[in-house]
Amino acid sequence: MTNQESLFLSHGDHQLHLRHIWQQKGGTPIFMLHGAIENGLIFYTKKGKGLACYLAEQGFDVYVADLRGRGESTPRIDKHAVHGQFEAITEDIPHFINYIFQVTQQKIHLVAHSWGGILLASTLARFPKIIERIRSKTCFGTKRMVTVKSLEKMFKVDIVWNNIAPKLARNKGFLDAKKHGIGSDNETEQSLADSVAWVKKSAWHDTTDGFDYFQAAKSIDWPPTWHFTGSKDKVLGHASDVNIFIQEYNPKAKFTLLSKSSGNMQNYDHINILTHPNARIDHYPQLVKWLKSQ
């Protein structure tokens, strides 16, 4: 059985939550980061399910983050929350990584879902010294821009995310994604605006201070990187958009499309690539083998 505990890192007026999951002491550390309108529960349950728990069973020392205001981090996102991606990229993510390194004194594997992979890449591009503490980077369904064209994309991205969601956020002071049934956690108005700006065909520049992540990424010696996505992920992590991001920041990254035609057990979508029961015997073992080789 794995062990779990909640750690709270003080950062200004915020308490940032890290779920620590392990089976044996001294394992190689893994830092896991969720995406937009999510929290760390995409990776684990308190009853021992999910990728984080699986990795702990394989001997890794796992730390799952809740970005500020999400999950068990406090204070919760409400109309008074004004932070956006800038704070996640420049403050929260470095704080999490530095804490884990100080505690474990080992290089860290990074694992991200969806938009979490964009935030992690942005942090590493902006602060390349952090890469000295990183062993590898794995992303599930991570894209920066959504360029595919379909009715599903038009509805989910053009209508809901780019238009309706910002209006809802302006009216209430934040995006109450849980109430509206469009996500498992909420977003500040600023973080929503930041992601909308990047999801459109746009330059990879910081919306707060203009930092050019695209140019910075060119001079980065990226750690070994593997991107997964599922063949049933038609919009939020479409294979073509995942590959556009790979070319944008790290052309040497490995890419795998999980599908029945490639020998997988499922045609995975944006969520069940991490939550499907078959993942434990399908692509999770492949990931473990690769992580242990880094």
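Note that these values count all heavy atoms, side chains included, but never hydrogens, waters or copies made by symmetry.
The side chain to side chain contact (heavy atoms under 4.5 Å, CB included) test applied to K292 returns Q58, F60, V288, not counting sequence neighbours. The side chain to side chain donor-acceptor pair (under 3.5 Å) check on W222 picks up nothing, with sequence neighbours excluded. Residues passing the side chain to side chain contact (heavy atoms under 4.5 Å, CB included) test with Q23 are T2, E57, sequence neighbours excluded. Under the rule for a side chain to side chain contact (heavy atoms under 4.5 Å, CB included), the partners of Q15 that lie at least two apart in sequence or sit in another chain are F8, S10, T74. Judged as a side chain to side chain donor-acceptor pair (under 3.5 Å), and not counting sequence neighbours, the contacts of Q4 are R19. A search for side chain to side chain donor-acceptor pair (under 3.5 Å) contacts involving D61 returns H20, Y63, not counting sequence neighbours. Residues forming a side chain to side chain contact (heavy atoms under 4.5 Å, CB included) with A216 (at least two apart in sequence, or on another chain): A125, F211. Residues satisfying the salt bridge (Lys or Arg N to Asp or Glu O under 4.0 Å) criterion with E91, sequence neighbours excluded, are R68.
The closest side-chain heavy-atom distance from W198 to W115 is below 4.5 Å. You'll find the side chain of E189 reaches within 4.5 Å of the side chain of R170, heavy atoms only. Two residues are said to be in side-chain contact when any heavy atoms from C-beta on lie closer than 4.5 Å; V111 and F43 meet this criterion. Side-chain contact between I273 and D233 is absent, with no heavy-atom pair separated by less than 4.5 Å.
In the model, H205 has a side-chain atom that pairs as donor or acceptor with a side-chain atom of D212 under 3.5 Å. Side-chain contact of Q190 with D194: a donor-acceptor pair under 3.5 Å is present, judged by distance alone. Of the N and O atoms on the side chains of D241 and T147, at least one donor lies less than 3.5 Å from an acceptor on the other residue. Under 3.5 Å, the side chains of N278 and Y268 contain no donor-acceptor pair of N or O atoms. A donor and an acceptor atom, one from each side chain of H109 and T28, are nowhere located under 3.5 Å apart. Between the side chains of N264 and D282, at least one donor N or O lies within less than 3.5 Å of an accepting N or O.
Using cut-offs of 30° and 60° for the angle between ring planes, the H14 and H83 rings count as perpendicular. Taking the six-membered ring where the residue is Trp, Y54 and Y284 present tilted rings, their angle falling between 30° and 60°.
Side-chain atoms of T188 never come within 3.5 Å of backbone atoms of V82 as a donor-acceptor pair (strictly under, hydrogens ignored). Looking at N186, its side chain does come within 3.5 Å of a backbone N or O of A177 through a donor-acceptor pair. Remark: the backbone N or O of N272 is paired with a side-chain donor or acceptor of D269 at under 3.5 angstrom. Judged by distance alone, the side chain of Q102 and the main-chain N or O of Y99 form no donor-acceptor pair under 3.5 Å. Judged purely by atom type and a 3.5 angstrom limit, S136 has no side-chain atom pairing as donor or acceptor with the backbone of Q294. The backbone N or O of G173 sits nowhere less than 3.5 Å from a side-chain atom of H80 that would complete a donor-acceptor pair. Side-chain atoms of D185 come within 3.5 Å of backbone N or O of G71 as a donor-acceptor pair. One N or O on the side chain of T90 and one on the backbone of F86 form a donor-acceptor pair closer than 3.5 Å. Under the 3.5 Å distance criterion, the side-chain polar atoms of S261 are left unmatched by any main-chain donor or acceptor of S259. S240 contributes no side-chain N or O that, together with a main-chain N or O of H238, makes up a donor-acceptor pair within less than 3.5 Å.
Follow the hydrophobic side-chain contacts under 4.5 Å out from V196 and you reach L168 in the same cluster. Put simply, I30 and I108 are part of two different groups of oily side chains (I, L, V, M, F, W, Y) that touch within less than 4.5 Å, one to the next. Under a hydrophobic clustering in which Ile, Leu, Val, Met, Phe, Trp and Tyr are joined whenever their side-chain heavy atoms come within less than 4.5 Å, directly or via other members, I97 and L7 fall into the same cluster. Each of L287 and L33 belongs to its own hydrophobic cluster when Ile, Leu, Val, Met, Phe, Trp and Tyr are linked at side-chain heavy-atom distances under 4.5 angstrom.
With ring centers used as reference points, F214 lies 6.0 Å or more from W204. With ring centers used as reference points, H95 lies under 6.0 Å from H11.
Listed by first and then second residue, the salt bridge (charged side-chain N to carboxylate O under 4.0 Å, His left out) pairs that reach into residues 122-147 are R126-D206, R126-D209, K129-E132, R144-E248, sequence neighbours excluded.
Counting side-chain heavy-atom gaps under 4.5 Å among Ile, Leu, Val, Met, Phe, Trp and Tyr, the cluster of F255 also holds V242, I246, L257. Other members of the cluster containing I244 are M145, with ILVMFWY side chains joined at under 4.5 Å, either directly or via other members.
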Candidate pair E187 and R76, rule salt bridge (Lys or Arg N to Asp or Glu O under 4.0 Å), full reasoning = CA-CA 10 Å; E187 289 288 325; R76 298 284 296 154; over 6 Å; no
In sequence, state the C-alpha distance, the side-chain angles, and the governing distance for H270 and S114, and then conclude on side chain to side chain donor-acceptor pair (under 3.5 Å).
-> CA-CA 8 Å; H270 197 62; S114 193; 2.9 Å; yes
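By the 4.0 Å N-to-carboxylate-O rule, D176 lies close enough to K172 to be salt-bridged with it.
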Can you give each donor-acceptor pair under 3.5 Å made by side-chain atoms of residues 157-166, sequence neighbours left out, with the distance rounded to 0.1 Å?
residue: D158; atom: OD1; partner: K153; partner atom: NZ; Å: 3.0
residue: D158; atom: OD2; partner: K153; partner atom: NZ; Å: 3.3
residue: W161; atom: NE1; partner: S195; partner atom: OG; Å: 3.3
residue: N163; atom: ND2; partner: D158; partner atom: O; Å: 2.4

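Environment of NZ in K178: sparse, with no more than 12 heavy atoms of neighbouring residues, nucleotides or ligands closer than 6.0 Å.
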